[in-house]
Amino acid sequence: MQNKADRIVILGTGGTIAGKAADAADNVGYVAGQVSIEQLVQAAPPLAAYLLETEQVAQLDSKDMDFATWQLLARAVDRHLARPEVLAVVITHGTDTLEETAFFLQRVLAPGKPVVLTAAMRPSTALMPDGPQNLLDAVAVAAQAESGVLAVMNGRVHGAERLRKVHSYAVDAFASVESGPLGLVEEGRLRWLGAMPESASALGLSRIAKDAKDWPWVELIQNYAGADGRGVDALLAQGVNGIVVAGTGNGTLSVRLSVALERAQAQGVRVLRSTRCDAGPVIGGVLPSAGALSPVKARVELLLQLLA
Ligand code: ASP
């Protein structure tokens, strides 16, 4: 009878890590989501040291990540983590929306076993692809961490709450804002630099049970010089359910934008105010604050609140 948690399940969803270009020198003109998760595992031979299973959950460019795939992925992660023989789950993903997926999974599942997302900035066909090392590091972290949704890129371990993609091209594309990474992976060894932040309890899969095509419409807008309320009025006219506004500085809004958002709120549209600054919380103010969540994570949070 199998009673030891000794295997790691790797779920493939696509991304540049699974991308292919016609030319090995081309790190941008590739098509994402071309290589299967089995092939990605084979491309990192030291992974043979681990007991692995793979499942192809999706095969897309994460700029096109959608609610149906999130639902599928959350259910797959939950199903595998519930198996006593499974130690952890690793997910290969595109870098573009990785932080949103990580935060979504953390809020929905708050997993008691590690769930580690990884990705690559260069396609699998590159002269020096970063995917194989990132995948190997992610599996190593999955085997050594205890719980929660983490991301591993370029030898650094990030938590779902603070993780952000901060560079459009560099291999070192992710950062944990305000705190720095939670840890480092060095020759397969996980070295913690800080404690995992306290996280809220899981909302549960029941929260996202509704058919994905019926999930609320939450739009993201910004304050900037000359911002007025016309965009908000257009969204209201189209039936938006929630609006996250990335304010300037401490979530500040132009008078006209603020008035339009208060009008939207009075008409039943949920509004959440974040900041377009790269770091820091939104404190005080009239419209509800998203705390220190980035605008895209505030959007996930509002989506999940509206699904309640
Ligand atoms: N557009 C790609 C994706 O997010 C970028 C990447 O993976 O680096 O799937």
Under a single-linkage definition using a 4.5 Å side-chain heavy-atom cutoff for Ile, Leu, Val, Met, Phe, Trp and Tyr, are [X] and [Y] assigned to the same hydrophobic cluster?
X	Y	result
Leu52	Ile17	yes
Ile8	Val157	yes
Val141	Leu105	no

Test item: [X] and [Y] side chains (from C-beta on) under 4.5 Å apart, heavy atoms:
X	Y	answer
Thr97	Trp70	no
Val269	Leu235	no
Trp215	Ile208	yes
Leu60	Thr69	yes
Pro123	Asn27	yes
Ile283	Ser289	no
Val139	Leu136	no
Phe104	Leu73	no

My understanding is that only residues two or more places apart in sequence, or in another chain, count here; which of them pass side chain to side chain contact (heavy atoms under 4.5 Å, CB included) with [X]?
X	answer
Ser147	none
Thr54	Ile10, Ile37, Glu38, Val41
Asn154	Arg156, Val171, Asp172
Arg83	Arg7, Val9, Glu53, His80, Glu85, Val86

Measure the [atom1]-[atom2] distance between [X] and [Y] for me, rounded to the nearest 0.5 Å.
X	Y	atom1	atom2	value
Leu257	Tyr224	CG	OH	7.5 Å
Thr118	Leu150	OG1	CG	11.5 Å
Gln71	Asp66	CD	CG	10.0 Å
Leu272	Leu261	CG	CG	11.0 Å
Met153	Leu117	CE	CG	11.0 Å
Arg299	Ile221	CZ	CD1	13.0 Å

Do any side-chain atoms of residues 188-206 form donor-acceptor pairs under 3.5 angstrom with protein atoms, and if so which ones, sequence neighbours left out?
{"unit_1": "Arg191", "atom_1": "NE", "unit_2": "Glu186", "atom_2": "OE1", "d": "3.0"}
{"unit_1": "Arg191", "atom_1": "NH2", "unit_2": "Glu186", "atom_2": "OE2", "d": "2.8"}
{"unit_1": "Ser199", "atom_1": "OG", "unit_2": "Gln106", "atom_2": "NE2", "d": "3.2"}

Can you give each donor-acceptor pair under 3.5 Å made by side-chain atoms of residues 174-181, sequence neighbours left out, with the distance rounded to 0.1 Å?
{"unit_1": "Ser176", "atom_1": "OG", "unit_2": "His158", "atom_2": "ND1", "d": "2.7"}
{"unit_1": "Ser179", "atom_1": "OG", "unit_2": "Arg162", "atom_2": "NH1", "d": "3.2"}

Salt bridge (charged side-chain N to carboxylate O under 4.0 Å, His left out) against Asp211, all qualifying residues, sequence neighbours excluded: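 For Asp211, the residues satisfying salt bridge (charged side-chain N to carboxylate O under 4.0 Å, His left out) (neighbours in sequence not counted) are Lys213.
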Sequence neighbours left out, what passes salt bridge (charged side-chain N to carboxylate O under 4.0 Å, His left out) with Arg230? Give chain and number order.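 Checked Arg230 against salt bridge (charged side-chain N to carboxylate O under 4.0 Å, His left out); matches are Asp228.
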For the backbone of [Y] and the side chain of [X], can you confirm whether one donor and one acceptor N or O come within less than 3.5 Å of each other?
X	Y	value
Thr16	Gly19	no
Asp130	Met121	yes
Lys297	Ala290	no
Ser62	Met65	no

Apply side chain to side chain contact (heavy atoms under 4.5 Å, CB included) to Arg263 and Asp233, showing your working. CA-CA 9 Å; Arg263 195 164 56 237; Asp233 292 338; 2.8 Å; yes
Does any pair with a residue in residues 134-144 pass side chain to side chain donor-acceptor pair (under 3.5 Å), and if so which ones, sequence neighbours excluded?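 Checked against side chain to side chain donor-acceptor pair (under 3.5 Å) - neighbours excluded - the pairs reaching residues 134-144 are Gln133-Asp137.
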Any pair counted as side chain to side chain donor-acceptor pair (under 3.5 Å), so long as it reaches residues 267-282, sequence neighbours left out: Arg270-Gln305
Any salt bridge linking Glu301 with Arg107? Criterion: basic side-chain nitrogen under 4.0 Å from a carboxylate oxygen. yes
Do you know which two heavy atoms are closest between [X] and [Y], and how far apart they sit?
X	Y	answer
Gly249	Cys277	CA-SG, 3.7 Å
Leu182	Gly159	CD1-N, 3.5 Å
Pro216	Leu307	CD-CD2, 3.5 Å

Please walk me through it: do Leu109 and Val149 pass side chain to side chain contact (heavy atoms under 4.5 Å, CB included)? CA-CA 9 Å; Leu109 301 174; Val149 178; over 6 Å; no
Ring pair (Phe, Tyr, Trp, His ring centres under 6.0 Å) partners for Tyr30, two or more places apart: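 With neighbours one apart ignored, the set is empty.
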Using residues 89-96 as the side-chain source, report each donor-acceptor pair under 3.5 Å to any protein atom, sequence neighbours left out, with the distance given to one decimal.
{"unit_1": "His93", "atom_1": "NE2", "unit_2": "Thr101", "atom_2": "OG1", "d": "2.8"}
{"unit_1": "Thr95", "atom_1": "OG1", "unit_2": "Lys165", "atom_2": "NZ", "d": "2.7"}
{"unit_1": "Asp96", "atom_1": "OD1", "unit_2": "Lys165", "atom_2": "NZ", "d": "2.9"}

